[in-house]
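Accompanying notes for the structure given below.
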Amino acid sequence: MKFVVIGAGITGLAAAHRAVELARERSVELELTLVEARDRLGGTIATERADGFLVEAGPDSFLSEKPWALALCRRLGVEHRLVRTDDRFRKVFVWRAGRLHALPDGFQLLAPTRLGPFIRSGLFSWPGKLRMALDLVKPRGTSDDESLGAFVRRRLGREALERVAQPLVAGIYTADPDELSLTATMPRFSELERRERSIILALWRANRRAPQAGTSGARWSLFVTFQNGMQEIVTALASRLPPGSVLLKHRVDGIERDGRGWRVAGGLGTALEADHVVVAAESYTASRIMRYVDPALATLLGEIPYASSATVSVGVRRADVPHPLEGFGFVVPRTERRAVFACTFSSVKYPGRAPEGHVLLRCFVGGALNERVLESDDRALIDTARDELRDALGITAEPVLTRVARWTKAMPQYHVGHGGRVETIERCVAALPGLHLAGGAYRGVGIADCVRSGEAAAERVFGVAPTSHDADRA
Ligand SMILES: Cc1cc2nc3c(=O)[nH]c(=O)nc-3n(C[C@H](O)[C@H](O)[C@H](O)COP(=O)(O)OP(=O)(O)OC[C@H]3O[C@@H](n4cnc5c(N)ncnc54)[C@H](O)[C@@H]3O)c2cc1C
């Protein structure tokens, strides 16, 4: 079987690796080619070691609650390389009115689940707290797919949106909550409202049934990473692919029908022939390379918006940081009009990220709400991050390390209507035998979702029923 995968981010690597596994299990002769435009594997995953620091340019961890990435680590034999977050410092701060406020204990993304810490918190005003409590008596909404912003405003009020939901969501999706589809990004909350009406009561009851500890068992925290950074999963996957199957620095320009199979062309010298093609590049790239295959499908793919952002990593001496840094980091509401929208205390969250006596802080700038800041050059972005770290944490000393990583159009935005669009896209693709789409643009933006999406594409090729296999991997 001639099998071509376009794009060697985590999705494409997972698809290629799963095809190798299934071909071996079923004694199918597999001729695999993984085509990547860049000169390296991993896509948005990129880890650098410099002066004793371990700097993640892109993702720094994955969610262990969604089983697919963890299950892949087990099959790759790298589970022992995983490290968990230091949960003594699980706290997250919110930057508001000139200082950092701890998010009250028990606050679950959108709503409080513990009364005492919520009442004592200085993050919300009294009218704001009372408005949140109105969730207890408010009736259900009627909309099929509303924005996350509209949902939080309706149930919990403007303050809950502005001071918590917006900055936390920006930290995850680099997105505008007034555009984001609730059902495509956080279906759990619309489900809770549908089932139990009040979000606060529903979360409170759920907590009483299953105390929060990460649902993957005591062994792993909610987020996990590798001792030597996220690049480890890329290296492990690459080592399982057949020699000579990876083509780097080859940008695919187009795909066309070729008898019962496909031809993959562009920057490849001669075109590749394939029985099956998995397109695991960004959806706007998928749109371009599939424009002659199905123009209507290409239009739908091109309509999925993406946001750009940058990470600015700053290494400093511990003695130069007046703040105790007892937390995983802070988020910044848009109403504060700052350039940094989130900051991770990387060396507090995970071990081995900074040399003895130093800390590593990673700031995020840009995102859907402030892409213009990315017009600045790297020097200016570093200066901006340093200004804001001075205001938030009191750091005035020269850093010992700085790194800027820019991610242009790297984060898909699931706007209202996304679910319907993806269903139509999937129907169109199902009518094109041998062609498959995978990646963060469709049904989940995180690493775990991307692993599932890539593996599911390979499984469709081999006729594996997704549910049965998902169950044994979980
Ligand atoms: C700054 C940042 C931080 C993040 N943090 C986290 C996190 O902590 N945890 C988490 O779970 N997720 C995180 N994410 C999201 C996660 O990193 C991505 O969703 C995931 O890595 C996407 O993987 P992918 O393979 O689908 O896409 P990509 O990684 O974008 O890979 C697509 C690949 O396709 C290649 N390509 C494009 N066009 C062509 C072409 N024409 N021909 C050949 N190849 C092509 C690209 O070069 C690229 O290598 C973060 C994202 C960003 C940007």
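Remember, it's 1-based here, ligands and their atoms both numbered in the order they're listed.
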Just which atoms of ligand 1 are under 4.0 Å from any heavy atom in [X]?
X	answer
Ala280	32 (C)
Val35	43 (C), 44 (N)
Gly43	29 (O), 31 (O), 48 (C), 49 (O)
His250	42 (N), 43 (C)
Gly58	3 (C)
Gly446	11 (O), 12 (N)
Arg251	41 (N), 42 (N)

Starting from [atom], what is the nearest protein heavy atom, named by residue and atom, and what distance separates them?
atom	answer
atom 6 (C) of ligand 1	Pro59 CB, 3.2 Å
atom 34 (O) of ligand 1	Gly7 CA, 3.3 Å
atom 51 (C) of ligand 1	Met411 CE, 3.7 Å
atom 49 (O) of ligand 1	Glu36 OE1, 2.7 Å
atom 23 (O) of ligand 1	Ile10 CG2, 3.5 Å
atom 42 (N) of ligand 1	Val252 N, 3.0 Å
atom 18 (C) of ligand 1	Val445 O, 3.6 Å
atom 43 (C) of ligand 1	Ala37 N, 3.3 Å

Strictly below 4.0 Å, N to O, side chains only: are [X] and [Y] in salt-bridge contact?
X	Y	value
Arg88	Asp86	yes
Asp387	Arg390	yes
Asp60	Arg353	no
Glu56	Arg362	no
Lys91	Glu326	no

Out of [options], who gets a non-hydrogen atom closest to [atom]?
atom	options	value
atom 22 (C) of ligand 1	Gly454, Gly266, Gly440, Cys450	Cys450
atom 38 (N) of ligand 1	Ile289, Thr344, Thr285, Ile6	Thr285
atom 37 (C) of ligand 1	Glu282, Met230, Arg406	Glu282

Query raised in the report: Regarding Ser346 and Thr344, is there a side-chain donor-to-acceptor distance under 3.5 Å anywhere?
Result: no
Query raised in the report: Would you say the side-chain atoms of Arg49 and Asn228 include a donor-acceptor pair closer than 3.5 Å?
Result: yes
Query - Note, Glu282 side chain near Lys409 side chain (heavy atom, < 4.5 Å) - result: no
Report task. Record the part of Ala438 in heavy-atom contact with ligand 1 below 4.0 Å; permitted values are side chain, backbone, both and neither. Result -> neither
Query raised in the report: Relative to ligand 1, is Leu13 under 4.0 angstrom through side chain, backbone, both or neither, heavy atoms considered?
Result: neither
When you measure from the side chain of [X] to the backbone N and O of [Y], does any donor-acceptor pair fall under 3.5 Å?
X	Y	value
Thr174	Gly367	no
Glu232	Phe226	no
Arg163	Gln166	no

Query - Whether Glu56 lies under 4.0 Å from ligand 1, heavy atom - result: no
Does any N or O of ligand 1 fall below 3.5 Å from an N or O anywhere on [X], backbone included?
X	answer
Ala410	no
Thr44	yes
Ser61	yes
Gly439	no
Gly12	no
Thr11	yes

Query raised in the report: So Arg188 and Glu191, salt bridge (charged side-chain N to carboxylate O under 4.0 Å, His left out) or not? Walk me through it.
Result: CA-CA 5 Å; Arg188 178 172 176 231; Glu191 175 58 23; over 6 Å; no
Report task. Could you tell me whether Phe93 and His323 have their ring centroids closer than 6.0 angstrom? Result -> yes
Query raised in the report: For atom 30 (O) of ligand 1, is the nearest protein heavy atom under 4.0 Å away?
Result: yes
Query raised in the report: Is the Tyr306 ring parallel, tilted or perpendicular to the Tyr284 ring (thresholds 30°, 60°)?
Result: perpendicular
Query raised in the report: Given Val404, which of Leu381, Val365, Asp377 fulfils the side-chain contact (heavy atoms from CB on, under 4.5 Å) condition?
Result: Leu381
Requested in this report: List the atom of Pro333, the atom of Glu162, and the distance in Å for their closest heavy-atom pair.
Outcome: CB-O, 3.2 Å
